[in-house]
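Shown next, in structure tokens, is the structure this report addresses.
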Amino acid sequence: MIQVLNSLPMYIICGLIILFVAAVCIIFMIRAYRAGKSIGMDEKVLKRAVTSSVTFSILPSVGILLGVIALSGSLGTPWPWLRLSVIGALHYETQVAQGAAEQVGLSSLSAAQMTPSAFTTIALLMSICIMWGMILSVLFNKAYLKRLGSGKKKDGTGAGEAADTVKDKKKQSFGDAAMIAMFIGLVSAYIGSYIGGFVSGKGRFTFRGDLTPIIVAAVAAAVMAVFTYLSEKKHMVWLESFSIAGSMLIGMLAAILFG
Amino acid sequence: MERSKQDQFESYNARTHLLGRICSVVTLVLLVGAPFLIGTYLGGMPEMPAVLKGFLAVGIVWTVSSIVEFLVYTPMLGAGGGYLAFITGNLINMKIPCAMNAREIAGTSSGTPENEIISTLSIAASSLVTIVVLAAGVLLLVPLQPLLQSPVLQPAFENVVPALFGAMSYMYYRKNLKLALFPLVFMSVLFILVPSLISQTSIMIIPAGALTIALAYMIWKKHGTILSKDIGR
């Protein structure tokens with residue numbers, strides 16, 4: 001199955017979509033550059049904006065590439081390549097892929113159990129779950145920016161979205177807290193499932209289940225702690241770009257050593 | 001700004017919205033269409049009931065976070081940058097800091113035409129870098145494929161999810177220890193007592209998330225924050 005997922009037609013399908021997105025970026029870039037010149041902006045400033053963004057993005061992009069490698073073992077290379085080039089984010093893709101794998105009846109996200117329809121189901125779910133930012137942009141970007149631009153009281157225009165914005169403004173700080181809480185709940189559910197799997201996976205309270213996920217999670221967390229320490233206390237800020245992918249890869253390595 | 005230049009910029013902006021919408025819709029169609037196209041090639045179509053169940057389980061969380069991202073980041077990114085960023089993704093880990101950085105270098109402020117231009121240039125450049133780096137990397141990966149598929153490495157790839165949650169647990173727990181303790185213990189006990197739920201962890205996210213948000217609300221109401229250091233545990 002993994003051979004098929006890595007076959008040329010898969011590369012072509014995914015590559016063409018990526019090519020389209022690259023073309024979109026180039027078009028937007030040229031238009032913005034020209035418009036900037038025509039409203040009298042200094043070309044030097046425009047060029048610096050581009051070069052600084054290019055240099056800024058190289059390291060995080062390598063981090064994202066590590067994500068492609070992390071996912072390539074179970075989903076093949078082309079699909080993770082597409083997903084992480086277009087709207088993806090590693091933590092998102094992995095979770096959704098895992099959730100989808102559970103729904104199609106795979107016990108874990110692995111190439112050994114993959115079937116064609118399991119793969120397409122996972123792929124479709126990965127696409128659907130993340131498209132809302134784009135849909136919201138299509139529907140509301142213009143109205144939202146216009147209202148922000150006017151900077152006045154937001155009454156009327158775009159009923160549902162207006163209500164959301166008002167609510168968001170009022171409870172900004174709890175909104176942040178709730179987002180963090182949601183992720184803590186999500187992480188806790190998974191970590192809890194590894195603990196439960198070890199303790200009761202092979203019969204309740206037998207402690208004979210799979211210990212590997214717990215070890216992997218613990219190693220990844222420890223490596224993450226080291227990365228955080230280095231980037232915050234030792235001011236190696238560039239490390240931040242690698243922290244998630246790097247911790248994951250080292251955690252995964254632990255599975256080989258201890259598994 | 002002179003009148004004519006302002007008009008010019010406004011027509012640029014109007015076209016940005018049109019172009020941004022068209023490109024977003026086309027990308028959407030391509031992304032949602034790709035699994036079906038792949039399905040005809042592989043000989044297996046997506047199972048809709050599983051997609052629906054999966055969406056209810058994992059999708060809801062991401063839908064909420066997408067709405068928040070849209071509301072928070074759109075004002076920072078402007079029109080062109082906003083459309084591009086939501087097409088190309090990796091917002092928190094790359095696009096947002098990248099655009100902020102470019103903005104600082106250019107010295108523009110929110111909501112101005114200059115800022116709109118700079119942020120579009122920045123997001124476009126950043127996206128192109130990612131595309132190029134990934135394409136080059138993937139090309140290099142092709143000869144490594146037999147190695148990546150070797151049986152020795154399979155345990156690693158089977159544990160990509162625990163690795164992710166391990167890394168994320170440190171990220172989220174360290175600042176919110178007090179809040180994290182209860183859901184972690186509760187979920188562990190639940191899975192220990194009812195091991196059959198383990199295969200449905202993605203659905204168990206919903207009660208776990210609801211529980212944690214409820215707890216967070218209680219802490220937040222009392223202290224105005226959920227950060228452990230500010231509560232003084």
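Only heavy atoms go into these numbers, but all of them, side chains included; no hydrogens, no water, no symmetry mates. Please read all numbers here as calculations on a predicted model, not as lab measurements.
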Checking heavy atoms, do the side chain of [X], its backbone, both or neither come under 4.5 Å from chain A?
X: L141(B); answer: side chain
X: A57(B); answer: side chain
X: F36(B); answer: side chain
X: L153(B); answer: both
X: Y173(B); answer: side chain
X: R103(B); answer: neither
X: L211(B); answer: neither
X: L19(B); answer: both
X: F55(B); answer: both
X: A210(B); answer: neither

All side chain to side chain contact (heavy atoms under 4.5 Å, CB included) counterparts of I105(B), not counting sequence neighbours:
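Counting only residues at least two positions away or on another chain, I105(B) forms a side chain to side chain contact (heavy atoms under 4.5 Å, CB included) with R48(A), S52(A), N101(B).
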Those residues that, when tested against L52(B), pass side chain to side chain contact (heavy atoms under 4.5 Å, CB included) (two or more places apart)
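Not a single residue meets the side chain to side chain contact (heavy atoms under 4.5 Å, CB included) criterion with L52(B).
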Centroid-to-centroid, Y144(A) to F70(B), below 6.0 Å?
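Yes, close enough.
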Is it the backbone or the side chain of F28(A) that comes under 4.5 Å from a heavy atom of chain B, or both, or neither?
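Looking at F28(A), backbone and side chain both touch chain B.
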